[in-house]
Amino acid sequence: MGLIRELIFFILVIWLFFFTLKTIRYRRLKKLRTPKPIRKNETDTTSEVKQAQNNSMETASHTVTMEPKRQSVSDDISTTIDLNDYDRIEQRLNFIWNKYRHRVDDRILERRPIFSAEGEQESILFVGINPSYTPDDDSTMITSKKGTALLYNSLYKRPGAPLYFKELEKIADRVGYPYTHINLLYARENNREALLNTNSDFIREQLELTYDTIRRLSPVAIVFFSEYCYQLIFEKNRWIDPHSETHGHYILRGTSIPVFFSEDIMDMNYQSRERLIRAIRQAI
C-alpha cells in the first residue's frame, strides 16, 4: 500500500508539473497573438498618405505570376490599400453591434470591435479567428473616426512589432510577397467557444463583412489559422467547399484564390512552416 501511495503521489506531481507548463505557455501565446497596433502618436495622418491609400484601392488587382513578386520593406506606400475606405468597416460594425444589442451578451457588445484598417496589394493574407480582449486596448489602440471601433494598421514591418507579426513576416518574406493580417470576427473575446456559440446571425454578419473585405483586397493566397476558422468556413455551402481541393490547397468560393488551413503560427514547428511555405509557393 505504501508503494501504491508513493506511485500515486509521483503521478500527481508529474501531472501538476506539466499542467503548470501548459498554463504558462497558453498565457504566453495568448499575449503574443493579440494584435498590438501602432500607437496613436505613430500614425501618419498626412493627406498624401490618405490619397495614396485611396488610389491604391482603385488600382488593386489579383495578379498571379509564375515567379513571386518580391517586395522590400522600403517599397512605396502606394501599395497600401485602405480597407476601411469611406468608413465602410466601421459603419458596418456599428450597425451590427447596435442590431444585436440585447440579443448578444452585453459583456461582448460593450467592448468596441477591432479591425485591421490597411492591407497590402498582392499580399499573402493571414487570417485569425478574432482579436483577444485586453482591457488597455481602449487606451493604446487607434480609435476609429466615429469612435465606435478600434483599429490597427497593417504596416507590420515597423520597428518594435510584436513577435506574432514578426513570425508572419518571416513566412511571407520566404515566399517573396508582402503580407496582410485580419481576423474573421471583430468581437474582442478570449473565450472563443463562448463567442462562437452566441447568436449565429451575429457571427454570420461579421463573416459577411470579412468576406467582402477579402474580395476587395484580392490577396495572392490566404492562410487561415486555428481550428475555429476551419469550423466556421469549411463546408459545402460555405466559403470553402471541400470539393474545391486541388494540388494541396482549396479555393475561396467565388474566386481563384488558393486557401490553406494551418495551426496557429506560434504553435508551428520548423517542419510545419517549411511545408506551408512550399505549398504557398507552388500555388501562386
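The model shown is predicted, which means the values in this text are computed figures rather than measured ones.
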Which pair of non-hydrogen atoms, one from [X] and one from [Y], has the smallest distance, and what is that distance?
{"X": "S244", "Y": "I251", "result": "OG-N, 3.2 Å"}
{"X": "V223", "Y": "S262", "result": "CG1-CB, 4.0 Å"}
{"X": "E122", "Y": "Y177", "result": "O-CD2, 3.0 Å"}
{"X": "L209", "Y": "R88", "result": "CD1-NH1, 3.6 Å"}
{"X": "C229", "Y": "F224", "result": "CB-CB, 4.0 Å"}
{"X": "I222", "Y": "P219", "result": "CG1-CG, 3.7 Å"}

Is it true that [Y] and [X] share a donor-acceptor pair across their side chains at a distance under 3.5 Å?
{"X": "E90", "Y": "S144", "answer": "yes"}
{"X": "E120", "Y": "T180", "answer": "no"}
{"X": "E205", "Y": "Y100", "answer": "yes"}
{"X": "R216", "Y": "T213", "answer": "no"}
{"X": "N130", "Y": "R192", "answer": "yes"}
{"X": "N269", "Y": "S272", "answer": "yes"}

Would you find a donor on one side and an acceptor on the other, under 3.5 Å apart, between the side chain of [X] and the backbone of [Y]?
{"X": "N84", "Y": "I89", "value": "yes"}
{"X": "R103", "Y": "D201", "value": "no"}
{"X": "R281", "Y": "G176", "value": "no"}
{"X": "E189", "Y": "N191", "value": "yes"}
{"X": "N98", "Y": "N94", "value": "yes"}
{"X": "T79", "Y": "Q121", "value": "no"}
{"X": "R238", "Y": "Q231", "value": "yes"}

Decide yes or no for [X] and [Y]: does some side-chain heavy atom of the first lie under 4.5 Å from some side-chain heavy atom of the second?
{"X": "Q282", "Y": "H249", "answer": "no"}
{"X": "I124", "Y": "V220", "answer": "yes"}
{"X": "L151", "Y": "S116", "answer": "no"}
{"X": "R112", "Y": "M141", "answer": "no"}
{"X": "I214", "Y": "T210", "answer": "yes"}
{"X": "D82", "Y": "E118", "answer": "no"}

Enter the distance from [X]:[atom1] to [Y]:[atom2] here, rounded to the nearest 0.5 Å.
{"X": "I114", "Y": "Y133", "atom1": "CD1", "atom2": "OH", "result": "10.0 Å"}
{"X": "I265", "Y": "K166", "atom1": "CD1", "atom2": "NZ", "result": "14.0 Å"}
{"X": "R204", "Y": "E208", "atom1": "CZ", "atom2": "CD", "result": "4.5 Å"}
{"X": "I240", "Y": "R253", "atom1": "CD1", "atom2": "CZ", "result": "8.0 Å"}
{"X": "E193", "Y": "L195", "atom1": "CD", "atom2": "CG", "result": "10.0 Å"}
{"X": "L196", "Y": "L232", "atom1": "CG", "atom2": "CG", "result": "5.0 Å"}

### Query
Do D85 and L83 pass the side-chain contact (heavy atoms from CB on, under 4.5 Å) test, and can you show the C-alpha distance, the side-chain angles, and the key distance before you say yes or no?
CA-CA 6 Å; D85 56 313; L83 299 178; 6.0 Å; no

### Task
Taking only Lys NZ, Arg NE, NH1 and NH2, and the carboxylate oxygens of Asp or Glu, determine whether D137 and R111 approach each other closer than 4.0 Å.
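Not counted as a salt bridge, because no side-chain N and carboxylate O are separated by less than 4.0 Å.
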
### Query
Charged N to carboxylate O below 4.0 Å: is that the case for D87 and K145?
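K145 and D87: salt-bridged.
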
Check whether the ring centres of [X] and [Y] lie less than 6.0 Å apart, and answer yes or no.
{"X": "F202", "Y": "W97", "result": "yes"}
{"X": "F234", "Y": "F261", "result": "yes"}
{"X": "F225", "Y": "F126", "result": "yes"}

### Query
Of L150, T134, I108, which is the lone residue that meets side-chain contact (heavy atoms from CB on, under 4.5 Å) with R188?
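Testing each of L150, T134, I108 against R188, the sole residue satisfying side-chain contact (heavy atoms from CB on, under 4.5 Å) is L150.
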
### Task
Could you give me the CA-CA distance, side-chain angles and deciding distance for Q206 and L184, then say whether side-chain contact (heavy atoms from CB on, under 4.5 Å) is met?
CA-CA 7 Å; Q206 291 179 72; L184 277 184; over 6 Å; no

### Task
Step by step, work out the side-chain contact (heavy atoms from CB on, under 4.5 Å) result for D264 and M268.
CA-CA 6 Å; D264 191 279; M268 296 174 67; over 6 Å; no

### Task
Report the relative orientation of the aromatic rings in H181 and F165; use parallel for angles under 30°, tilted for 30 to 60°, perpendicular for over 60°.
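If you compare the ring of H181 with that of F165, the planes turn out perpendicular.
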
### Query
Checking side-chain contact (heavy atoms from CB on, under 4.5 Å) for the pair W239/V259: CA distance, chi angles, key distance, verdict?
CA-CA 10 Å; W239 292 15; V259 168; over 6 Å; no

#### Entry: Audit row: F115, Y186, ring-ring contact (aromatic ring centres under 6.0 Å, His included) steps and yes/no
CA-CA 6 Å; F115 65 90; Y186 306 84; 7.1 Å; no

